[in-house]
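Take a look at the structure below.
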Amino acid sequence: MLLDARQAGPATAGAHPDRRLRTRWALATAVVGGALLFCAFPPINAWPLAPVGVALLVVAVAGQRMRTAAGIALVFSLVFFGLLVRWLSGNIGLLPWVALSVAESLLLAAMTAPLPLLLRLRGRVPLIALWWTATEAVRSRLPLGGFPWGRLAFSQADSPALGWARVAGAPAVTFVVALVGAAIAGLVLAPPTTRRRLFAAGWCVVALAVSPAIPLPSAAGGSPTAADKTASGNSTSADKTAAGSSTAVLSLVQGNVPRERSLAEQARIQQVTSNHADATLKLAQDIHTGKVPQPDLVLWPENSTDSEPRTDPALSFLIDQSVAAVNRPILVGAILDGPQGQTYNAGLLWDPLNGPGPWYAKRQLVPFGEYIPLRSLFGGLGDLQLIPRNFTPGSQTVIFNTGNIHLSDVICYEIGYDGLVRDGVRAGANLLVEQTNDAAFTRDGSPDETDQQLAMARLRAVEHNRSVAVVSTTGVSAVIRPDGTVAAQTGLWQQQTLTERVPLRTGLTLADRVGAWPEAGALTATVAALAWAALRSRLGRSRKGRRSAAAGSAEAGVQG
């Protein structure tokens, strides 16, 4: 199966100096690698398989020409992304699933094409890890704002490597996982000489040792302290825990919506707000009877109102009634109207005394979901006709202040974007909230999409040392401790409320301070390494050409 490049002849010119796979075996390896990498993510959650998937891709492309490497990576990516976002096909339709999978796969294939050049350099194990981190940085930004799904870090919510998120965010977790995978690939690709084998094995030992090297210190929100256990229970103790951390009681309301079969049917639903109001009234009864403590804040999910609640009398009445019943502010997921026909997907704080107040508009809109690029071309296709106008993106972070709570809100898949979450923490948030509406992606009963979002939120909790509340229309809603563990969660397609006391943390982690610099460093180092590898390859070909020409001249002279 493996072919030594030195014995391969002209067909493998420019191949990796160690070993390469025949094309058919490389493609098979790519298929297995893509499938195993998917298995590392929710709902399967076999996180140790993430570095194995990375290793198999590296082994498959090693020694190949750039065009062949791109084709192999395309196969790997189609398998991986096709499985990862399969929830699109069963809920939204075949075309969006194919389009997204192909677009992401083409991008990753293009970035993988020069990887064989990188594998010729010394120190290729850490270079592979940097390269993978750089590809995720690009994918999270391009095209159309990027798509961060499938980052290695988001498969590691239960891994010892998760502690690295507090050091340098998701890029650090990705780097460590990719480092393990690169070390495994290096061991497979090394020639059968004792020195090179030992060197590659050494990298494996280093990578595996580094992966759990940053445990979560309990004082900073790691393994739950006694104080944190008190904070995440339903106790009505004072607002200061034994560790001196401020706390608050949150109530998350998952009102549920009818489980309709198509987007057209869901678009006709008018009872979303009523469901959440009814669930909040039940919560109020439980508060009055002492079943649950009085919350400091109540959270409703994204799209918990189906039109502008500040001007719609029926919606305004339902929210006023709910706020009065619990006698606490409610963060409502709202569709808000702006000037000049603008429309925002927003989180709106509704106070029992003053009514509607400050609001946050979603900044990272979903292409072909919340706006349609090239509407004149695509707007009439299929279910896109159900999106009559584009939402307007917000432009700033908003901190909602109520009592001792200073919360930052992100909406739905914004949780996957490092900078959006980090902005809120840097602005002074001591609590993170994700409002989401997963109804369109879970109609078939699959938990894949909502579980994948939950894994992202768990990483954010560790990265920023903050409690995170995820509140969904249909589930999964959850309360997450600062160490990334889940204090409580709901099921899918249930009307349910959660009431939990959570720690309110302040201060910045190292990840908050370094910001996007780790990704920038990985991208810069990768570009520089690829440029150097390309230059060495060109110089090598030039020297080889001169030697061939000289040999030809000498032979001609002898014959003459």
Side-chain angles (χ1 to χ4, degrees), residues 1-41 44 46 49-86 89 94 97-120 124-125 127-129 131-132 135-136 138-139 149-150 152 155 177-178 180-191 200 530 533 537:
M1 184 172 69
L2 284 172
L3 182 66
D4 191 310
R6 292 169 296 181
Q7 301 173 357
T12 59
H16 189 281
D18 293 339
R19 294 180 168 191
R20 78 175 187 97
L21 291 173
R22 296 184 186 275
T23 302
R24 65 177 180 272
W25 288 110
L27 291 172
T29 301
V31 169
V32 174
L36 291 181
L37 183 56
F38 158 72
C39 291
F41 289 82
I44 297 176
L49 293 179
V52 179
V54 173
L56 290 177
L57 175 61
V58 173
V59 169
V61 303
Q64 310 288 350
R65 292 185 174 90
M66 291 181 63
R67 182 181 301 177
T68 305
I72 292 168
L74 181 62
V75 170
F76 172 92
S77 304
L78 286 171
V79 172
F80 171 57
F81 286 111
L83 292 172
L84 186 72
V85 298
R86 59 182 178 170
S89 64
L94 185 63
W97 171 61
V98 171
L100 180 60
S101 300
V102 170
E104 290 298 308
S105 297
L106 287 172
L107 181 60
L108 184 56
M111 291 187 291
T112 305
L115 181 58
L117 290 175
L118 201 63
L119 292 172
R120 299 176 185 176
R124 63 192 181 202
V125 169
L127 286 176
I128 292 168
W131 166 79
W132 193 288
T135 65
E136 291 189 352
V138 174
R139 282 204 309 105
W149 243 258
L152 293 181
S155 69
V177 175
V180 176
I184 296 171
L187 185 61
V188 172
L189 293 170
L530 287 172
S537 179

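Owing to the predicted nature of the structure, the values given are computational and were not obtained by experimental measurement. Index from 1, following the sequence.
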Report summary line: Rounded to the nearest 0.5 Å, the CG atom of Leu83 sits from the CG atom of Leu37 at a distance of 10.0 Å
**Report entry** Interatomic spacing from CG in Leu117 to CE in Met66 - rounded to 0.5 Å
**Finding:** 6.0 Å
Report task. For Ser105 and Phe81, work out which heavy atoms get closest and say how close. Result -> OG-CD1, 3.8 Å
Report task. Output the distance between atom CG (Leu108) and atom CD (Glu136), rounded to the nearest 0.5 Å. Result -> 9.5 Å
Query raised in the report: Considering all heavy atoms of both residues, which atom of Arg139 and which atom of Leu107 are nearest to each other, and what is their separation?
Result: CG-CD2, 3.8 Å
Query raised in the report: How far does CG of Leu530 sit from CG of Leu127, to the nearest 0.5 angstrom?
Result: 8.5 Å
Query raised in the report: Above 12 or not: heavy atoms from other molecules or residues under 6.0 Å from CH2 of Trp97?
Result: no
Query raised in the report: Which one of Thr112, Leu21, Thr29 satisfies the side chain to side chain contact (heavy atoms under 4.5 Å, CB included) criterion with Val61?
Result: Thr112
Query raised in the report: Which atom names give the shortest non-hydrogen contact between Ala40 and Leu49, and what distance separates them?
Result: CB-C, 4.2 Å
Query raised in the report: Rounded to the nearest 0.5 Å, how far apart are CZ of Arg65 and OG1 of Thr23?
Result: 9.0 Å
Report summary line: Here the pair of heavy atoms bringing Ala129 nearest to Ala178 is CA-CB, 3.8 Å
Report summary line: Tightest non-hydrogen contact, residues Trp131 and Leu57, listed as CH2-CD2, 4.4 Å
Report task. For the pair Trp132 and Phe76, name the ring-plane relationship: parallel under 30°, tilted 30 to 60°, perpendicular over 60°. Result -> perpendicular
Report task. Output yes when a side-chain donor or acceptor of Ser89 lies under 3.5 Å from a complementary backbone atom of Arg86, and no otherwise. Result -> yes
Report task. Identify the two heavy atoms, one from Ala35 and one from Val79, that lie closest to each other, and give their separation to 0.1 Å. Result -> N-CG1, 3.5 Å
Query raised in the report: Between Ser77 and Ala73, is there a donor-acceptor pair closer than 3.5 Å when you use the side chain of the first and the backbone of the second?
Result: yes
Query raised in the report: Within the side chain of Arg124, is there an N or O that forms a donor-acceptor pair under 3.5 Å with the backbone of Leu119?
Result: yes
